[in-house]
Q: 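Handing you a structure now.
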Amino acid sequence: MGLFSKYDNVGPGVPKNPNAKAPVFKFFEIYFSHFSKLIMLNLIFLISLIPFMMIFLVEYLGLGTVAFYVIFCILGSIVGPAMTAMMKICRNISTERPVFLWSDYWKSFKQNFKQGIIMGFIDMVAVVLMSFAFPMYFNMAEQNSFFYVPFMICLICAFIFLMMHFYIYL
């Protein structure tokens with residue numbers, strides 16, 4: 001009897017979480033059980049980005065490059081509140097809290113609107129600056145190898161900026 005039983009557990013009674021799964025299996029269990037919610041969340045995210053998608057109409061109107069980038073930064077700031085709302089819903093799903101997609105999304109969108117607008121504007125300005133810096137330094141580096149240094153600095157800064165986004169919106 002002692003060979004097949006576990007009497008070495010500390011404390012009385014039955015453990016609260018007897019079948020703890022490995023993190024990888026737990027991730028896939030949560031992912032597949034909430035897959036339809038994640039699809040609906042992406043659709044709600046796209047609905048909230050309709051004003052940002054209107055920026056591509058400006059390109060067809062032919063207002064010019066400067067006007068396009070200014071409107072891109074202004075309308076692109078809507079991405080910030082949308083990302084904060086999406087991240088909050090994803091966090092609640094991953095921690096297995098109850099989620100009501102539509103109401104929780106728009107509640108979080110409104111609560112984090114100011115911070116999200118600021119972060120969205122910073123993101124769009126960074127995208128515009130990187131879209132100018134990368135080609136410029138790369139073309140300059142083809143002529144003079146010294147310009148690989150600023151090109152690599154821009155590349156490293158872009159990588160750090162990308163990694164920061166995993167934590168900024170939470």
Side-chain angles (χ1 to χ4, degrees), residues 15-136 153-170:
K16 292 181 182 178
N17 195 4
N19 296 328
K21 296 180 181 177
V24 172
F25 297 119
K26 184 137 177 101
F27 167 78
F28 284 112
E29 178 186 346
I30 292 171
Y31 178 73
F32 289 121
S33 66
H34 296 285
F35 189 72
S36 62
K37 282 188 180 181
L38 292 172
I39 290 174
M40 291 301 296
L41 177 63
N42 281 310
L43 291 175
I44 295 171
F45 180 72
L46 287 176
I47 289 170
S48 66
L49 290 181
I50 286 175
F52 177 65
M53 292 178 205
M54 301 294 269
I55 188 67
F56 299 107
L57 291 177
V58 174
E59 186 176 350
Y60 292 114
L61 295 175
L63 295 177
T65 307
V66 175
F68 174 76
Y69 283 119
V70 168
I71 295 171
F72 179 79
C73 290
I74 292 170
L75 288 179
S77 59
I78 294 295
V79 173
M83 284 295 291
T84 57
M86 187 173 180
M87 293 296 267
K88 182 166 184 175
I89 299 295
C90 286
R91 183 185 63 189
N92 287 345
I93 288 173
S94 68
T95 56
E96 298 185 65
R97 294 181 188 153
V99 173
F100 301 101
L101 284 178
W102 187 260
S103 60
D104 287 350
Y105 182 87
W106 292 109
K107 180 181 174 186
S108 178
F109 188 92
K110 291 174 187 174
Q111 282 179 345
N112 301 316
F113 189 76
K114 290 180 185 176
Q115 299 95 336
I117 285 283
I118 293 168
M119 194 57 221
F121 185 73
I122 291 170
D123 281 351
M124 294 303 124
V125 168
V127 166
V128 168
L129 291 176
M130 285 182 218
S131 71
F132 284 115
F134 283 129
M136 181 183 73
I153 290 172
C154 285
L155 195 63
I156 291 169
C157 288
F159 181 74
I160 291 171
F161 193 71
L162 178 71
M163 291 297 118
M164 286 173 27
H165 279 80
F166 290 117
Y167 303 103
I168 287 175
Y169 289 112
L170 284 177

Q: Where do Asn92 and Val99 come nearest, in terms of heavy atoms and distance?
A: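 Here Asn92 and Val99 meet closest at CB-CG2, 3.6 Å.
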
Q: First locate atom NZ of Lys107, then atom CD1 of Ile89, and finally report the distance between them rounded to the nearest 0.5 Å.
A: 10.0 Å

Q: Side chain of Ser33, backbone of Ile30: donor and acceptor closer than 3.5 Å?
A: yes

Q: Rounded at 0.5 Å granularity, tell me how far CZ in Arg97 sits from NZ in Lys88.
A: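 It comes to 8.5 Å.
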
Q: Check Leu41 against Cys90 and note the closest heavy-atom contact, atom names and distance.
A: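 Where Leu41 meets Cys90 most closely, the heavy atoms are CD2-SG, 3.6 Å.
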
Q: Is any side-chain heavy atom of Phe121 closer than 4.5 Å to one of Val125?
A: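 They are in side-chain contact.
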
Q: Write down the atom of Phe109, the atom of Ala82, and the distance for their closest heavy-atom approach.
A: CE1-N, 3.5 Å

Q: With rounding to the nearest 0.5 Å, note down the distance linking CZ in Phe134 to CG in Leu129.
A: 11.0 Å

Q: Look at atom CZ of Phe28 and say whether more than 12 heavy atoms of other residues, nucleotides or ligands are closer to it than 6.0 Å.
A: no

Q: Nearest 0.5 Å, please: how far is OG in Ser94 from OH in Tyr31?
A: 14.0 Å

Q: Considering the options Asn42, Ile44, Leu38, which one meets the side chain to side chain contact (heavy atoms under 4.5 Å, CB included) requirement together with Met86?
A: Asn42

Q: One pair to check against side chain to side chain contact (heavy atoms under 4.5 Å, CB included): Glu29 and Glu96. What are the steps and the verdict?
A: CA-CA 11 Å; Glu29 178 186 346; Glu96 298 185 65; 5.9 Å; no

Q: Where is the tightest heavy-atom contact between Ser77 and Met124, given as atom of each residue plus distance?
A: N-CG, 4.1 Å

Q: Return the minimal non-hydrogen interatomic distance between Phe161 and Asp123, and the atom names on each side.
A: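 Phe161 and Asp123 have their closest heavy atoms at CZ-OD1, 3.2 Å.
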
Q: Please report the shortest heavy-atom distance between Ser48 and Pro51, naming the atom on each side.
A: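 For Ser48 and Pro51, the tightest heavy-atom pair comes out as O-CD, 3.6 Å.
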
Q: More than 12 foreign heavy atoms under 6.0 Å from CE of Met40: is that the case here?
A: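 Counting other residues, nucleotides and ligands, CE of Met40 stays at 12 neighbours or fewer.
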
Q: How long is the gap from CE on Met119 to CD1 on Ile168, to the nearest 0.5 Å?
A: 3.5 Å

Q: Rounded to the nearest 0.5 Å, what's the gap from SG on Cys157 to CE on Met130? Could you check?
A: 8.0 Å

Q: Fit a plane to each ring of His165 and Tyr169, take the angle between them on a 0 to 90° scale, and name the class: parallel (under 30°), tilted (30 to 60°) or perpendicular (over 60°).
A: tilted

Q: Does the side chain to side chain contact (heavy atoms under 4.5 Å, CB included) test come out yes or no for Phe159 and Leu155, once each step is laid out?
A: CA-CA 6 Å; Phe159 181 74; Leu155 195 63; over 6 Å; no

